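Okay, structure first, notes after.
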Amino acid sequence: MSSKQKAYIALVITSIVWGTTWVAMKFGVKNMPALQLAAIRQLIGGTLFLGYFFLVRKEAMPTNKQLKQLFFLSIFTFVFANGFSTWSLQYIPSGLGALIGALYPLCVVIIEYFFYNNKNISPIAIIGIVLGIAGIGTVFYENAFTQHNDGFFFGIGLAIIATLSWSYSTISIARQKVKMNPYFGLGWQMLFGSLMMFVLTYGSGNHIPWVDVPAVSWMAILYLIVAGSIITFIAFIYSMKYLPTAVASLYAYINPIVAISIGTFLLNEHITPKLIIGTVITLVGVYIVNKAMKKQIVKELAETENI
């Protein structure tokens, strides 16, 4: 089997497994506080990553400057993005959480425009942003006039904050360029993020004793660590290495579909015509923005080479 064929298999794994993690988180938070679940997941995951790099790879300690950068990034990547997206699933369906998470390319463009003075937004990208907002609006409109659990709109707010935080983190990582193995840095971010979330959970009193965490939540945590953090990241990096970026990024459009489909069968989350229409419109908008961003990068690189 060629490397390219293996890369396509890796892409399938990435697309499906990352979609299922939303359902796994939903199962986990049904029986325990969400931030505590996220904190335990990141503590174990971060310890495994750091243990590997310290004990096997004999990696040296990061510098104080690197630790400060990683601590700052962990606030947005693992406290706000991962922690709040997990928390949101206590109030909203897993498929809706995944769909809001898929908006991050749109958020990157908007944040770059308003906070980093990047005015190079093409008309096509603007069309994509409008479509993405319209698609989410279609889903929200339907839910606004139907019965839903208490805290539904609070959950929506958490999911939006999580997506904005992930987008900001993506921009910060690209701009700060922490010079170290990305997986080693990921382990430090997980560890820092878990410690901050433990402070939030125990400081607020919203936690349960570890011995009282039910088996279904432990199974969800185990799945999120092994499948969601380790196996899928390896598959994602492999697919990015051997496939064109446009192909490797297809996982972002498949994740919400997987989450919605599995959530329907395992969690009895309802699929309606408006949900399907809104999902399609949103993903088309995200695709257009993503494609426009790649064209802009290629154009800027070409202009740089001609200088």
Side-chain angles (χ1 to χ4, degrees), residues 13-14 16-59 61-62 66-67 70-90 94 97 101 162 165-166 169 173 178 180-237 255 259:
I13 293 172
T14 303
I16 294 175
V17 175
W18 265 348
T20 63
T21 55
W22 290 92
V23 180
M25 288 190 292
K26 184 72 174 181
F27 269 111
V29 301
K30 280 179 172 289
N31 299 286
M32 68 178 296
L35 289 182
Q36 185 179 10
L37 181 147
I40 294 173
R41 172 192 177 184
Q42 304 309 339
L43 175 64
I44 298 174
T47 301
L48 289 174
F49 271 110
L50 294 181
Y52 170 76
F53 279 98
F54 279 128
L55 300 177
V56 179
R57 297 284 296 273
K58 306 299 182 182
E59 198 79 32
M61 274 289 294
Q66 288 173 326
L67 288 174
L70 293 169
F71 179 81
F72 175 77
L73 291 172
S74 70
I75 296 173
F76 294 93
T77 305
F78 286 103
V79 178
F80 291 148
N82 183 265
F84 279 27
S85 63
T86 304
W87 190 8
S88 73
L89 295 181
Q90 287 192 318
S94 59
S165 297
W166 180 258
S169 175
I173 290 172
V178 182
M180 65 188 308
N181 185 295
Y183 289 111
F184 189 39
L186 187 69
W188 280 105
Q189 288 184 63
M190 285 183 177
L191 183 62
F192 287 143
S194 69
L195 295 177
M196 283 184 278
M197 284 188 285
F198 275 125
V199 170
L200 290 175
T201 56
Y202 284 92
S204 64
N206 187 23
H207 63 89
I208 61 176
W210 285 41
V211 294
D212 292 337
V213 175
V216 65
S217 293
W218 279 118
M219 291 174 64
I221 292 170
L222 180 64
Y223 180 81
L224 289 168
I225 293 170
V226 176
S229 296
I230 299 176
I231 294 176
T232 314
F233 265 111
I234 294 173
F236 173 65
I237 296 298
N255 285 349

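Quick note: residue numbers are just sequence positions, from 1. Owing to the predicted nature of the structure, the values given are computational and were not obtained by experimental measurement. What you see below is based on every heavy atom in this structure, not just the backbone, and it leaves out hydrogens, waters and symmetry mates.
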Item checked: Inter-residue atom distance L222.CG - I44.CD1, 0.5 Å rounding -> 8.5 Å

Check: Do side-chain atoms of S194 reach the backbone of I40 as a donor and acceptor pair under 3.5 angstrom?
Finding: no

Note to self: Under the rule for side chain to side chain donor-acceptor pair (under 3.5 Å), what residues qualify as partners of S94, not counting sequence neighbours?
What the structure shows: E269

Output a table of donor-acceptor pairs, distance under 3.5 Å, between side-chain atoms of residues 47-58 and any protein atom two or more places apart or on a different chain; print 'none' if there are none.
residue: T47; atom: OG1; partner: L43; partner atom: O; Å: 2.7
residue: K58; atom: NZ; partner: L55; partner atom: O; Å: 3.2

Check: Which side-chain hydrogen bond (donor to acceptor under 3.5 Å, both in side chains) pairs, counting each pair once, include a residue from residues 213-224, with sequence neighbours left out?
Finding: T20-Y223

Margin query: Just verifying a value: how many Å separate T14 OG1 and I231 CD1, rounded to the nearest 0.5 Å?
Written below: 11.0 Å

For residues 73-81, please give each side-chain donor-acceptor pair under 3.5 Å, one per line with the distance, not counting sequence neighbours.
residue: S74; atom: OG; partner: F71; partner atom: O; Å: 2.6
residue: T77; atom: OG1; partner: L73; partner atom: O; Å: 3.0
residue: T77; atom: OG1; partner: S169; partner atom: OG; Å: 2.4
residue: T77; atom: OG1; partner: Q189; partner atom: OE1; Å: 3.4

Check: Quick one: CD on Q90 to CE on M32, what's the gap to the nearest 0.5 Å?
Finding: 9.5 Å

Next item on the list: Could I get the full list of ring-ring contact (aromatic ring centres under 6.0 Å, His included) partners for W18, not counting sequence neighbours?
Entry: F233, F236, Y251

Result block: side-chain N/O donor-acceptor pairs under 3.5 angstrom for residues 196-205, not counting sequence neighbours:
residue: T201; atom: OG1; partner: M197; partner atom: O; Å: 3.2
residue: T201; atom: OG1; partner: F198; partner atom: O; Å: 2.9
residue: Y202; atom: OH; partner: W210; partner atom: NE1; Å: 3.2
residue: S204; atom: OG; partner: L200; partner atom: O; Å: 2.8
residue: S204; atom: OG; partner: T201; partner atom: O; Å: 3.1
residue: S204; atom: OG; partner: N206; partner atom: N; Å: 3.3

Next item on the list: Just grab all the side-chain hydrogen bond (donor to acceptor under 3.5 Å, both in side chains) pairs involving residues 34-45, residues at least two apart or on different chains.
Entry: R41-S229, Q42-N82

Notebook entry, point to check: What distance separates I16 CD1 from T21 OG1, expressed to the nearest 0.5 Å?
Noted result: 12.5 Å

Checklist line | Whether W188 and F192 hold their rings parallel, tilted or perpendicular, with breakpoints at 30° and 60° | finding: tilted

